[in-house]
Visitor: 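Here it is: the structure, laid out below.
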Amino acid sequence: MIQKPRGTRDFLPEDMESRRNVEGTMREVARRWGYQEVCTPEFEDLDLFTMRSGDGIIEEMYIFEDKGGRKLALRPEITASIIRMYINEAKVTPKPIRWCYFADCFRYERPQKGRYRQFWQFGVELIGADTALGDAEVVMLADDMLNSTGVTYELKIGHLTFMKKLLKDVEPKIQRKVMGHLDKKDFDGLKTTIENIGNTDLYNSLIALVNCQDLKEAFEIAGPIPEKDRIEQTINLLNVSGIKYGFNFGIARGLDYYTGLVFESFAQNLGSENQILGGGAYRLAHLFGGDDIASCGFAIGFDRVMVSLGEIKRIKETVVGVVSTNEGRQRAIEVAREFRNAGIRTEMNIMDRGIGAQISHASKSADYVVVIGQREVESGNVTLKNLHTGKQKTVDLPEAIAEVGAYGAR
RNA sequence: GCCAGGGUGGGGUAGUUGGUUAUCCUAGGGGACUGUGGAUCCCUCGACCCGGGUUCAAAUCUCGGCCCUGGCCCCA
C-alpha cells in the first residue's frame, strides 16, 4: 500500500469543514481591513529563496530540476514570492499596497507536533507604507485576525534597533550568535559568548533589555536612537488601539532584512512549536532587483492555530434525504432539485435498496427524509418525515420545503 | 541530523516465556423486512509496516529500513 509522504496529512470532510471555517474567518478579517488576496506559484526559482535567506536553507527545501534544467524549489514561505510578484507586476500600483494570501508551503524538516512538511500560512503584506501608522496597522490586523479565530495567545512586540545599537561594535559573526542566544533566552550561552569578547557591561545591558517591559527604560538601556520618534509613535498607536501585548526586545527573527518593528505570537498547548505568528517591518525588494521599498507583514501558522483550537463544535446544517421506490424515482429527482433550489442540502438515494434500508441509511446523516413512491407521484404531494421526532406527514412540496427551511442549523 | 516510545482489518484493541484457523468492539456490504429509520439476530468483507536473519516453527526473538507520536537541533 502506498503511504502518504512523511510529514503530510490527509484531511477528511470534518477536518476540511473546520479548516475552511477558520480560513474563511481570517480572510473575512483581512477583507474588512482592505487587504486583497493574491496567489503566487507553488514553486519558484531556487535563487529567490536563497537570496532572501542564504544557502543554508537549501538543506530544508524541496528542490528539483525541471526538464529544461532549471533549478526550482517548492516554496518554503510566501513573503519572497509576494515581493517578487510586486516587482514583476505591481511596481506602479498606487501605494500603499495591501495584500494577503492563504497558501501551503513546504519544508524538509523533522515532523513533530505543529510542524509538518506541508503546512499552510495565512499572511499579510503591506507594501510601500514606511510609517508608524502602517506598522501599527499590521500589528492591529494580526491581533484582530488571531482573536477572531478564538485561539488563546499572547502577542510580543519588539524592535531591532535597540539590540543593533548595543551590538554595533561587535563583529557580525558574534552579533548573530548573541541574537540567537537572546531569541532562545539562552542566558548561559550568552554569558559565555560575551565573556569571550570581554565586555561584561554588554551582558548586563542585553539582559536588562530582554527583560525590559517598559519603552522608556529600553531607551535608557540603549542610549540615543535616531528612530526614537517613530518607535514612540507606533507604540502610542498600539496603546490607543487597545490591543493586549507585551514587549520583548530580544526578538531577533533571525535575519538581516528586518529593519525595525518585529512581533510574534504564541499559543498554549502546542509544546515546543508554539509560535503561531511572526512578522515585522522589512526591506527585501532591492534584493530581487526592485526599488528599495519598505514593507511590513506577518504570517500565521495556520496548522498550529488549528491544533491549538482543537476540536471545534461545528454548526451542523440541515440535511434532507430523498428516498424513493422505482415508481417514484423520476419525481424524486424533481423534488430533490426543488429542495436544492431552496438552498437546502439534499442527498438523494442512489443505492439499489428498499425503502426501509434507504431510510435507515439516510437517518445516519439527515434530519428529514422525503419519501416518494407511487402514492406521492399520483397525488403530487410528498411524505415528509422528521427523523428526530419520528413524526411524518403528507404535504405539498412548497410546504415541505418551508418546514425544512424553518428547521435551521443546529 | 540526534534521542525516547510506538506500528495487529477503515477506526479502536487482545494476543508477544516463539507453537492449530490471530481476539473483541466498532464501521462497511447483504439479509430477516418489495412503503418507513438508529434496536435485535444472521451472513459477509477486512489486519500482524517492509525486508533480511535465527528456528522444525516468528505478530512474538534479532538486525536494518520506513512511518507515527513526543522531545532536541533548526525555524525563512
Side-chain angles (χ1 to χ4, degrees), chain A residues 1-10 12 14 44 48-61 73-83 105-117 119 121 123 180 183-184 186 189 251-258 262 264 269-280 282 284 287 297-299 301 304 307 321 323-328 332 349 351-378 382-394:
Chain A
M1 193 167 54
I2 308 278
Q3 302 289 333
K4 65 184 180 301
R6 181 166 165 79
T8 63
R9 291 154 295 160
D10 293 320
L12 290 165
E14 308 88 77
E44 296 263 12
L48 178 69
F49 303 115
T50 54
M51 281 165 90
R52 165 167 146 113
S53 308
D55 289 344
I57 61 163
I58 287 178
E59 303 252 308
E60 311 210 313
M61 279 196 287
L74 296 184
R75 58 185 175 205
E77 47 124 355
I78 316 285
T79 301
S81 296
I82 297 286
I83 297 305
C105 306
F106 304 84
R107 293 183 190 175
Y108 194 86
E109 297 182 291
R110 178 78 171 78
Q112 55 185 280
K113 187 175 189 182
R115 176 190 278 182
Y116 311 96
R117 288 183 172 180
F119 60 97
Q121 289 190 335
D183 207 35
K184 270 179 277 181
D186 173 16
I251 298 176
R253 292 208 61 68
L255 295 170
D256 306 328
Y257 49 80
Y258 281 100
V262 285
E264 299 179 333
N269 66 29
L270 281 182
S272 63
E273 299 294 320
N274 64 339
Q275 187 182 338
I276 55 168
L277 176 147
Y282 61 91
L284 261 186
L287 282 182
F298 65 84
R304 292 184 185 175
V307 172
V323 306
S324 56
T325 62
N326 286 332
E327 301 78 38
N349 171 67
M351 300 296 275
D352 202 8
R353 300 195 255 235
I355 283 286
Q358 290 183 45
I359 293 175
S360 173
H361 180 262
S363 67
K364 284 167 192 161
S365 60
D367 303 289
Y368 285 89
V369 74
V370 170
V371 183
I372 307 293
Q374 183 70 37
R375 295 202 291 270
E376 286 78 7
V377 172
E378 282 165 8
V382 300
T383 298
L384 179 69
K385 186 181 182 76
N386 181 322
L387 289 170
H388 297 287
T389 63
K391 285 178 184 159
Q392 74 176 48
K393 53 187 165 187
T394 301

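Reminder, nothing fancy here: chain letters follow the sequence lines and each chain counts from 1. Hydrogens, waters and symmetry mates play no part in the numbers below; they use all other heavy atoms, side chains included.
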Visitor: Do the side-chain N or O atoms of A:Arg110 get closer than 4.0 angstrom to the phosphate oxygens (OP1, OP2) of B:C2?
Guide: no

Visitor: Expressed as a whole number of angstroms, how long is the span from A:Ile372:CD1 to B:G35:C1'?
Guide: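 Atom-to-atom, A:Ile372 to B:G35, this comes out as 12 Å.
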
Visitor: May I ask you to say what A:Gly54 touches in the nucleic acid, namely base, sugar-phosphate or nothing, with a heavy-atom cut-off under 4.0 Å?
Guide: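 A:Gly54: no heavy atom of the nucleic acid under 4.0 Å.
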
Visitor: If I take atom CD in residue A:Gln374 and atom P in nucleotide B:G35, what distance separates them, rounded to the nearest angstrom?
Guide: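 Roughly 11 Å, once rounded to whole Å.
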
Visitor: What does A:Glu59 touch in the nucleic acid at a heavy-atom separation under 4.0 angstrom: a base, only the sugar-phosphate, or nothing?
Guide: nothing

Visitor: With a 3.5 Å cut-off and heavy atoms only, can you find an N or O donor on one side and an acceptor on the other between the side chain of A:Arg375 and the base of B:U36?
Guide: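 No, no donor-acceptor pair under 3.5 Å.
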
Visitor: What's the spacing between A:Ile251 CD1 and A:Glu264 CD if we round to 0.5 Å?
Guide: 4.0 Å

Visitor: For the base of B:C68, is there a side-chain donor-acceptor partner from A:Arg9 under 3.5 Å away?
Guide: no

Visitor: How long is the span from the CG atom in A:Leu284 to the CG atom in A:Leu287, to the nearest 0.5 Å?
Guide: 5.5 Å

Visitor: So which atom in A:Ser53 and which in A:Glu77 form the shortest heavy-atom distance, rounded to 0.1 Å?
Guide: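 Nearest heavy atoms, A:Ser53 then A:Glu77: OG-OE2, 4.4 Å.
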
Visitor: Out of B:A76, B:C74, B:U36, which nucleotide sits closest to the side chain of A:Met61?
Guide: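 Among the listed nucleotides, the one closest to the side chain of A:Met61 is B:A76.
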
Visitor: Suppose you measure atom P in B:G28 against the same atom in B:G35; what distance do you get, rounded to whole Å?
Guide: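 24 Å, rounded to whole Å.
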
Visitor: Between the base of B:G71 and the side chain of A:Glu273, is there a donor and acceptor pair under 3.5 angstrom?
Guide: no

Visitor: Would one find more than 12 heavy atoms of other residues, nucleotides or ligands at under 6.0 Å from atom CD of A:Gln374?
Guide: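 Check passes, neighbour count above 12.
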
Visitor: Looking only at side-chain atoms of A:Ser363, point me to the closest of B:G38, B:A76, B:G70.
Guide: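 Nucleotide nearest to A:Ser363's side chain: B:G38.
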
Visitor: Counting heavy atoms from C-beta on, name the nucleotide in B:A76, B:G37, B:U36 closest to the side chain of A:Val371.
Guide: B:U36

Visitor: Select one nucleotide: of B:G35, B:C68, B:G38, the one nearest the side-chain heavy atoms of A:Ser360.
Guide: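 Nearest to the side-chain atoms of A:Ser360, counting from C-beta on, is B:G38.
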
Visitor: Between B:A76, B:C74, B:G37, which one does the side chain of A:Tyr257 approach most closely?
Guide: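 Of the candidates, B:A76 comes closest.
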
Visitor: Can you check the distance between B:U20 and B:C33, where both ends of the measurement are the C1' atom (answer in whole Å)?
Guide: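 Each nucleotide's C1' atom is 40 Å from the other's.
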
Visitor: Of the nucleotides B:G71, B:C73, B:G35, which has the atom closest to the A:Arg115 side chain?
Guide: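 Between B:G71, B:C73, B:G35, the one nearest the side chain of A:Arg115 would be B:C73.
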
Visitor: Give A:Gly7 one of three labels, base, sugar-phosphate or nothing, depending on what nucleic acid heavy atoms sit under 4.0 Å from its own.
Guide: sugar-phosphate

Visitor: So, does the side chain of A:Gln112 form a donor-acceptor pair with the base of B:C74 at under 3.5 Å?
Guide: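 Flag unset: no donor-acceptor pair detected.
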
Visitor: Give me the one residue out of A:Ile372, A:Val371, A:Thr394 that meets side chain to side chain contact (heavy atoms under 4.5 Å, CB included) with A:Val382.
Guide: A:Ile372

Visitor: What's the gap between B:C2 and B:C74 when it is taken at their P atoms, as a whole Å value?
Guide: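 Straight-line distance between the two P atoms is 16 Å.
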
Visitor: What contact category does A:Gly373 fall into here, base, sugar-phosphate, or nothing, at under 4.0 angstrom with non-hydrogen atoms?
Guide: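 It contacts base atoms.
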
Visitor: With both distances under 3.5 angstrom, what nucleotide forms a Watson-Crick or G-U wobble pair with B:C2?
Guide: B:G71

Visitor: Would you classify A:Glu376 as touching base, sugar-phosphate or nothing, given that sugar-phosphate means primed atoms plus P, OP1 and OP2, and contacts are heavy atoms under 4.0 Å?
Guide: base

Visitor: In the strands shown, is B:G28 matched to any nucleotide by a Watson-Crick or G-U wobble pair with both distances under 3.5 Å, and which?
Guide: B:U44

Visitor: For the pair made of OH in A:Tyr368 and P in B:G38, what is the distance, rounded to whole Å?
Guide: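 So the OH-P distance, A:Tyr368 to B:G38, works out to 20 Å.
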
Visitor: Using a 4.0 Å heavy-atom cut-off, does A:Thr79 contact any base of the nucleic acid, only the sugar-phosphate backbone, or nothing at all?
Guide: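 If one applies the 4.0 Å heavy-atom cut-off, A:Thr79 turns out to touch nothing in the nucleic acid.
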
Visitor: Measure from the side-chain heavy atoms of A:Lys113 and tell me the nearest of B:A76, B:G35, B:G70.
Guide: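 Of B:A76, B:G35, B:G70, B:G70 is nearest to the side chain of A:Lys113.
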
Visitor: For B:G51, which nucleotide in any strand shown is its Watson-Crick or wobble partner with both distances under 3.5 Å?
Guide: B:C63

Visitor: Can you tell me the distance, in whole Å, between the NE2 atom of A:His361 and the P atom of B:G31?
Guide: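 It is 14 Å, rounded to the nearest whole Å.
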
Visitor: Could you work out the separation of B:U17 and B:A4 based on their C1' atoms and round it to a whole Å?
Guide: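 About 26 Å, rounded to a whole number of Å.
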
Visitor: Between B:A27 and B:U44, how far apart are the two C1' atoms, rounded to whole Å?
Guide: 14 Å

Visitor: Contact class for A:Arg353 vs. all strands (heavy atom < 4.0 Å): base, sugar-phosphate, or nothing?
Guide: sugar-phosphate

Visitor: As an exercise, state the distance from CZ of A:Arg353 to NE2 of A:His361, rounded to the nearest 0.5 Å.
Guide: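 The distance works out to 5.0 Å.
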
Visitor: I want to confirm an ordering. Mapping A:Leu270 and A:Glu77 to their closest nucleotides on RNA chain B, which one lands closer to the 5' end?
Guide: A:Leu270

Visitor: On a whole-Å scale, what distance lies between the C1' atoms belonging to B:C50 and B:C67?
Guide: 10 Å

Visitor: Working to the nearest 0.5 Å, report the span between CZ of A:Arg107 and CZ of A:Arg75.
Guide: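 Rounded to the nearest 0.5 Å, the CZ-CZ separation comes to 12.0 Å.
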
Visitor: Quick one: label A:Gln358 by what it contacts on the DNA or RNA (base, sugar-phosphate, nothing), any heavy atom closer than 4.0 Å.
Guide: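 Result for A:Gln358 = nothing.
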
Visitor: Taking atom C1' in both B:U55 and B:C61, what distance in whole Å separates the two?
Guide: 10 Å

Visitor: Distance check, P atoms only: B:C25 and B:C42, in whole angstrom units.
Guide: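 Result for the P pair: 10 Å, nearest Å.
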
Visitor: On RNA chain B, does the nearest nucleotide to A:Thr383 precede the nearest nucleotide to A:Tyr108 from the 5' side, or the other way round? Give the residue.
Guide: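 Nearer the 5' end of the strand: A:Tyr108.
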
Visitor: Give a yes/no on whether any side-chain N or O of A:Lys4 is located under 4.0 angstrom from OP1 or OP2 of B:C68.
Guide: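 Negative; the distance criterion is not met.
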
Visitor: Could you measure the distance from the OH atom of A:Tyr257 to the OG1 atom of A:Thr79? Nearest 0.5 Å is fine.
Guide: 7.0 Å

Visitor: Is A:Lys385 touching bases, backbone alone, or none of the nucleic acid, heavy atoms closer than 4.0 Å?
Guide: base

